[in-house]
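Below is one structure; the comments refer to it alone.
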Protein chains: 2
Amino acid sequence: MGTMVRKQTAADQALRLDNQICFAVYSTAHAFNRVYKPLFDRLGLTYPQYLVMLALWERDDVPVKDLGERLFLDSGTLTPLLKRLEAAELVRRTRSTEDERVVLIALTQQGHALREKAKAVPQSILAASDCTVGELLAMKDEIVALRDRLNAVLGE
Amino acid sequence: MGTMVRKQTAADQALRLDNQICFAVYSTAHAFNRVYKPLFDRLGLTYPQYLVMLALWERDDVPVKDLGERLFLDSGTLTPLLKRLEAAELVRRTRSTEDERVVLIALTQQGHALREKAKAVPQSILAASDCTVGELLAMKDEIVALRDRLNAVLGE
DNA sequence: TCCAATTGAATTGTGCGCAATATAAATTCC
DNA sequence: GGAATTTATATTGCGCACAATTCAATTGGA
């Protein structure tokens with residue numbers, strides 16, 4: 001009987017850990033969003049829009065698919081987001097002449113210019129986190145490794 | 001000149017780290033959601049709904065505010081979510097007689113019963129993560145610590 | 001006692017995030 | 001070359017997530 005109780009407890013704890021680490025990531029993502037939001041408000045961007053801009057600042061003139069793969073987002077999310085960025089005149093959306101299926105996303109002059117303003121934005125995390133660069137780097141690597149293993153499960 | 005270049009590089013890297021750890025958390029949260037989704041589909045729950053149920057399985061008959069504090073969510077998110085859980089007959093929403101402002105959330109019999117079915121659901125993370133329990137626990141603690149420091153910044 | 005301030009939920013509006021579906025263009029296979 | 005398949009994007013619908021507002025109930029103070 002003692003054994004059964006122990007077994008159940010072990011299983012329960014495993015489940016609880018699953019839930020705990022998942023909730024930890026979930027709630028931390030929201031916390032990041034809330035900390036960043038007032039900073040992004042000044043730029044007229046949301047966090048996902050900022051991510052897209054980050055990706056574009058690194059490499060421009062890319063298909064929607066490319067952005068989706070880099071950010072783990074699909075067209076259902078990106079198409080309306082990119083249309084809002086286009087309405088804000090930060091990007092241009094043009095259909096490729098070589099392959100009429102692909103829509104190429106390019107930065108406008110304003111889109112490029114925003115990069116300088118955006119540079120002044122973050123850096124609060126390092127201060128707020130009360131961690132060393134090394135600790136944050138290690139944490140990042142662990143989280144990314146976890147994410148990649150989860151994503152690997154999805155691809156069978 | 002060489003000094004200036006170095007300085008800029010260091011600042012750039014700090015910003016990149018900010019962005020990287022934020023994106024790591026953001027994209028991992030989505031990865032969890034995608035892994036869990038087919039499992040929750042079978043229960044007729046979404047992940048946020050599951051979180052609410054988890055909270056209620058621990059403690060029942062609580063005000064909406066209580067749930068919000070435990071899950072870091074506000075009424076704008078919880079009210080419609082709880083109404084959907086009510087429509088699914090998993091919870092009951094009743095206004096407190098002591099204080100007519102508060103709405104108490106209680107589990108129905110089906111809500112309690114779902115706990116057993118839900119127990120069989122997770123546990124895939126432990127397998128998929130390819131981590132030991134100790135590693136996951138440590139990672140969870142680090143992430144939670146980061147989250148709590150971020151949330152502390154919000155409360156000034 | 002009465003009025004001002006606070007509190008707890010609900011409502012409204014915007015923007016993700018994703019599944020399912022649609023559509024059109026390209027590619028493959030015969 | 002033409003049918004079948006695949007690929008890239010767009011559309012629709014649903015459910016968060018949150019800011020801002022509203023409203024009723026309660027609390028605190030003068």
Side-chain angles (χ1 to χ4, degrees), chain A residues 23 26-53 62-69 71-88 91 93-105 151 154, chain B residues 23 26-38 40-41 43-53 62-69 71-88 91 93-105 151 154:
Chain A
F23 178 63
Y26 167 89
S27 53
T28 305
H30 291 327
F32 266 114
N33 207 349
R34 286 192 284 263
V35 168
Y36 271 139
K37 186 165 192 310
L39 305 173
F40 288 135
D41 280 351
R42 254 173 274 161
L43 298 178
L45 293 176
T46 64
Y47 179 63
Q49 288 170 7
Y50 172 71
L51 284 181
V52 169
M53 293 302 288
V62 290
V64 173
K65 178 126 204 284
D66 238 68
L67 285 174
E69 279 168 4
L71 302 173
F72 306 100
L73 295 172
D74 70 2
S75 71
T77 300
L78 285 176
T79 296
L81 187 156
L82 290 168
K83 283 183 175 176
R84 279 185 284 272
L85 289 181
E86 187 183 37
V91 308
R93 298 165 61 251
T94 54
R95 221 159 257 284
S96 164
T97 50
E98 295 170 21
D99 187 336
E100 292 272 342
R101 293 171 305 178
V102 333
V103 170
L104 294 171
I105 309 298
N151 278 333
L154 290 171
Chain B
F23 179 62
Y26 165 89
S27 53
T28 305
H30 291 325
F32 266 114
N33 206 351
R34 287 193 283 262
V35 168
Y36 272 138
K37 186 165 193 308
F40 287 135
D41 281 351
L43 298 177
L45 292 177
T46 64
Y47 179 63
Q49 288 170 7
Y50 172 71
L51 284 181
V52 168
M53 294 302 288
V62 290
V64 173
K65 178 125 205 284
D66 238 66
L67 285 174
E69 279 168 4
L71 302 174
F72 305 100
L73 296 172
D74 70 2
S75 70
T77 301
L78 286 175
T79 296
L81 187 157
L82 290 167
K83 283 183 176 176
R84 278 185 283 271
L85 289 181
E86 187 183 37
V91 307
R93 298 164 61 250
T94 55
R95 222 158 255 284
S96 163
T97 50
E98 295 170 24
D99 186 336
E100 294 270 343
R101 292 171 305 180
V102 331
V103 170
L104 293 171
I105 309 298
N151 278 334
L154 289 172

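Naming convention: chains lettered A, B, ... in sequence-line order (proteins, then strands); numbering from 1 in each chain. Every heavy atom of this structure was used, including side-chain atoms; hydrogens, water molecules and symmetry mates were not. This one's a predicted model, so the numbers in the text were calculated from it and none came from an experiment.
Side-chain atoms of Thr79(B) stay outside donor-acceptor range of the base of dA9(C), with no qualifying N/O pair under 3.5 Å.
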Using a 4.0 Å cut-off on protein heavy atoms (strictly under), produce a 5'-to-3' string for nucleotides 2-8 of chain D with B for base contact, S for backbone-only sugar-phosphate contact, and - for none.
-----BS
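Not counting sequence neighbours, Glu100(A) has no partner by the side chain to side chain donor-acceptor pair (under 3.5 Å) test. Shown here are the salt bridge (Lys or Arg N to Asp or Glu O under 4.0 Å) partners of Arg93(B), two or more places apart in sequence or in another chain: Glu86(B). Residues satisfying the salt bridge (Lys or Arg N to Asp or Glu O under 4.0 Å) criterion with Arg34(A), sequence neighbours excluded, are absent altogether. Partners of Lys37(A) by salt bridge (Lys or Arg N to Asp or Glu O under 4.0 Å), not counting sequence neighbours, listed by chain and number: Asp41(A).
A pairwise comparison of heavy atoms in Phe23(B) and Leu71(A) identifies CZ-CA, 4.0 Å as the closest pair. Summarising the geometry of Ala29(A) relative to Ala29(B), their closest heavy-atom pair is CB-CB, 4.2 Å, with the distance given to 0.1 Å.
Note: CZ (Phe40(A)) to P (dG15(C)) measures 16 Å, nearest angstrom. In this structure, CD of Glu98(A) is placed 13 Å from P of dT9(D), rounded to the nearest angstrom. Summarising the geometry, the separation between CZ on Arg93(B) and C1' on dA10(C) is reported as 9 Å, rounded to the nearest angstrom. Between the NZ atom of Lys83(A) and the P atom of dG15(C) there is a distance of 14 Å, rounded to whole Å. Between Asp66(B) atom CG and dA9(C) atom P there is a gap of 9 Å when expressed in whole angstrom units. Here dC16(C) presents its P atom at 19 Å from CZ of Phe32(A), a figure rounded to the nearest Å. When rounded to the nearest whole Å, the span between CG of Leu78(B) and P of dA17(D) equals 9 Å. Atom CG in Leu67(B) sits about 16 Å away from atom C1' in dA17(D), given to the nearest Å.
Between Asn33(B) and Thr46(B) there is no side-chain heavy-atom pair separated by less than 4.5 Å.
Residue Gln49(B) has no polar side-chain atom (N or O) positioned under 4.0 Å from OP1 or OP2 of dG15(D). In terms of phosphate contacts, Arg84(A) brings a side-chain nitrogen or oxygen within less than 4.0 Å of OP1 or OP2 of dC16(C). Phosphate contact (OP1/OP2 of dC16(D), side-chain N/O of Thr46(B), threshold under 4.0 Å): present. Side-chain nitrogen and oxygen atoms of Arg95(A) include none within less than 4.0 Å of the OP1 or OP2 phosphate oxygen of dA25(C).
You'll find the ring centres of Phe32(B) and Tyr47(B) outside the 6.0 Å limit.
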Between the protein and nucleotides 17-19 of chain C, list every N/O to N/O distance that falls short of 3.5 Å.
from    : atom 1 : to       : atom 2 : distance (Å)
dG17(C) : OP2    : Tyr26(B) : OH     : 2.4
dC18(C) : OP1    : Arg34(B) : NH1    : 2.5
dC18(C) : N4     : Gly76(A) : O      : 3.3

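Between the OG atom of Ser27(B) and the CG atom of Leu73(A) there is a distance of 9.5 Å, given to the nearest 0.5 Å.
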